[in-house]
Amino acid sequence: MTAPSEYVLGHSAAELARLNAQARLVEPITRRFLHEAEVGSGMRVLDIGSGAGDVAFLVAELVGEAGEVIGVDRSTEAVATANERAATAALRNVSFLAGDPAEMVFERPFDAVVGRYVLQFQAEPAAMLRKLLGQVRPGGLVFFHELDWGGARSFPPTSIFDDSRRWMSETIRRSGAETHMGAKLHSTFIDAGLSAPTMRLEALIGGGESASGPLRLMAALAPTLLPAATRFGVILAPGADGDPETLLERMTDEVRASNALIVGLHQIGAWAHL
């Protein structure tokens, strides 16, 4: 598969731990999308860009012991972590491989191919998706869950959250990734030769004391993205830079003081059948 020259988030142990914490927050959203897409008992599923395995483990639960999930990721470190987690949980219906899923040879086609936060990091997402269709049986399911940074906002505006969102989004954009991949899923599916997908949108949202979810997702990205922001020359506004370890506290204090509403990144799901 084609991909940007740099995967800006990396695969360090700290980043895999962040992804695990992120997965716990967005898991209910992905679960609802998968349920509506009718991922269920007995299905054989290919999970691409598996990382530490969170989506694969969710899908393994949905397909049950009669089903099978194979997760694939380019990172050998991520695959090792995912396999270790599967062994610890004694899961027999899920396994992980390192490589390019579009180029790999499997013993038989899959009932579904799924992925979360994967297409945004591809230089040519429609071309990658088109290749993946060869891994899916006729009538099988194609499902992706992607982000759209354009939806995140605060009301009334809070400077630390809004400025943090701006520099993080700009850093990801300059890395070559797509910050509006969620909104582009419709055209990407069609360009890949699929029918217009069924789509759903959700977001973590909360005001005042209940805004911790979207704030934690944003603050957790800071340590990962700060080095890249420096390399790319992204300007950080006063209050949104400094020690990332205190960013969550500073954003929370500002939101509480203004009783603001925080809308997190838009979580967009899309699915279609071959």
Give the minimum heavy-atom separation between [X] and [Y], together with the two atoms involved.
X: A228; Y: T171; result: CB-CG2, 3.8 Å
X: P214; Y: G264; result: CB-CA, 3.8 Å
X: A60; Y: V94; result: CB-CB, 4.1 Å
X: G139; Y: H273; result: O-ND1, 3.1 Å
X: A220; Y: T224; result: O-OG1, 4.5 Å
X: A112; Y: M43; result: CB-CE, 3.8 Å

I'd like to know if the side chain of [X] reaches the main chain of [Y], judged simply by a donor and an acceptor atom lying under 3.5 Å from each other, with no hydrogens or angles considered.
X: D111; Y: V45; result: no
X: E254; Y: I160; result: yes
X: S210; Y: G206; result: no
X: D73; Y: V79; result: no
X: R44; Y: R108; result: yes
X: H145; Y: G269; result: no

With sequence neighbours excluded, what pairs up with [X] under the side-chain contact (heavy atoms from CB on, under 4.5 Å) test?
X: H35; answer: none
X: V136; answer: V113, L274
X: M104; answer: V72, L97, F106
X: R130; answer: A126, A127, A192

Check whether more than 12 heavy atoms from other residues, nucleotides or ligands sit under 6.0 Å from atom CD of E36, and answer yes or no. yes

From [X] [atom1] over to [Y] [atom2], what is the distance, rounded to the nearest 0.5 angstrom?
X: H266; Y: L201; atom1: NE2; atom2: CG; value: 5.0 Å
X: L129; Y: I48; atom1: CG; atom2: CD1; value: 8.0 Å
X: I70; Y: L46; atom1: CD1; atom2: CG; value: 7.0 Å
X: R74; Y: S50; atom1: CZ; atom2: OG; value: 12.0 Å
X: L25; Y: S212; atom1: CG; atom2: OG; value: 8.0 Å
X: I235; Y: D163; atom1: CD1; atom2: CG; value: 12.0 Å

With a 4.5 Å limit on heavy-atom distance, are the side chains of [X] and [Y] in contact?
X: L147; Y: Q267; result: yes
X: I262; Y: M218; result: no
X: V69; Y: V114; result: no
X: W271; Y: R200; result: yes
X: T252; Y: E249; result: no
X: L132; Y: P101; result: yes
X: T188; Y: F144; result: no
X: L226; Y: W167; result: yes

Going through the checks in order, is the side chain to side chain contact (heavy atoms under 4.5 Å, CB included) test met by D100 and K131? CA-CA 11 Å; D100 181 343; K131 285 186 176 182; 6.0 Å; no

Do S169 and R165 meet the criterion of a side-chain donor-acceptor pair at a distance under 3.5 Å?
-> no

For L261, the other hydrophobic cluster members (4.5 Å side-chain criterion, sorted by chain and number) are I205, V263

Joining Ile, Leu, Val, Met, Phe, Trp and Tyr whenever any side-chain heavy atoms lie under 4.5 Å apart, the cluster holding F155 also takes in none

Report task. For the pair F143 and F33, name the ring-plane relationship: parallel under 30°, tilted 30 to 60°, perpendicular over 60°. Result -> tilted

Quick note, ring pair (Phe, Tyr, Trp, His ring centres under 6.0 Å) partners involving residues 57-87, not counting sequence neighbours, are F57-F96

Salt bridge (charged side-chain N to carboxylate O under 4.0 Å, His left out) pairs touching residues 172-189, sequence neighbours excluded, are E170-R173, E170-R174, E178-K184

In short, salt bridge (charged side-chain N to carboxylate O under 4.0 Å, His left out) pairs touching residues 146-158 with sequence neighbours left out are none

F189 meets the ring pair (Phe, Tyr, Trp, His ring centres under 6.0 Å) criterion, sequence neighbours left out, with none

Give the intermediate values and the outcome of side chain to side chain contact (heavy atoms under 4.5 Å, CB included) for residues L217 and L265. CA-CA 9 Å; L217 283 183; L265 305 179; over 6 Å; no

### Query
After noting the C-alpha distance and the side-chain angles of V59 and D47, does the key distance pass the side chain to side chain contact (heavy atoms under 4.5 Å, CB included) rule?
CA-CA 9 Å; V59 174; D47 174 40; 5.9 Å; no

Residue set satisfying salt bridge (Lys or Arg N to Asp or Glu O under 4.0 Å) with E27, at least two apart, ordered chain then number -> R31

Hits for salt bridge (Lys or Arg N to Asp or Glu O under 4.0 Å) against D162, two or more places apart or cross-chain, chain-then-number order -> none

I'd like to know whether L91 forms a side chain to side chain contact (heavy atoms under 4.5 Å, CB included) with N93, so could you lay out the CA-CA distance, the side-chain angles of the two residues, the decisive distance to 0.1 Å, and finally the verdict.
CA-CA 6 Å; L91 295 175; N93 65 341; 4.3 Å; yes

Exercise. Hey, mind stepping through D253 and R250 against salt bridge (Lys or Arg N to Asp or Glu O under 4.0 Å) and telling me if it holds?
Worked result: CA-CA 5 Å; D253 288 345; R250 289 183 282 119; over 6 Å; no

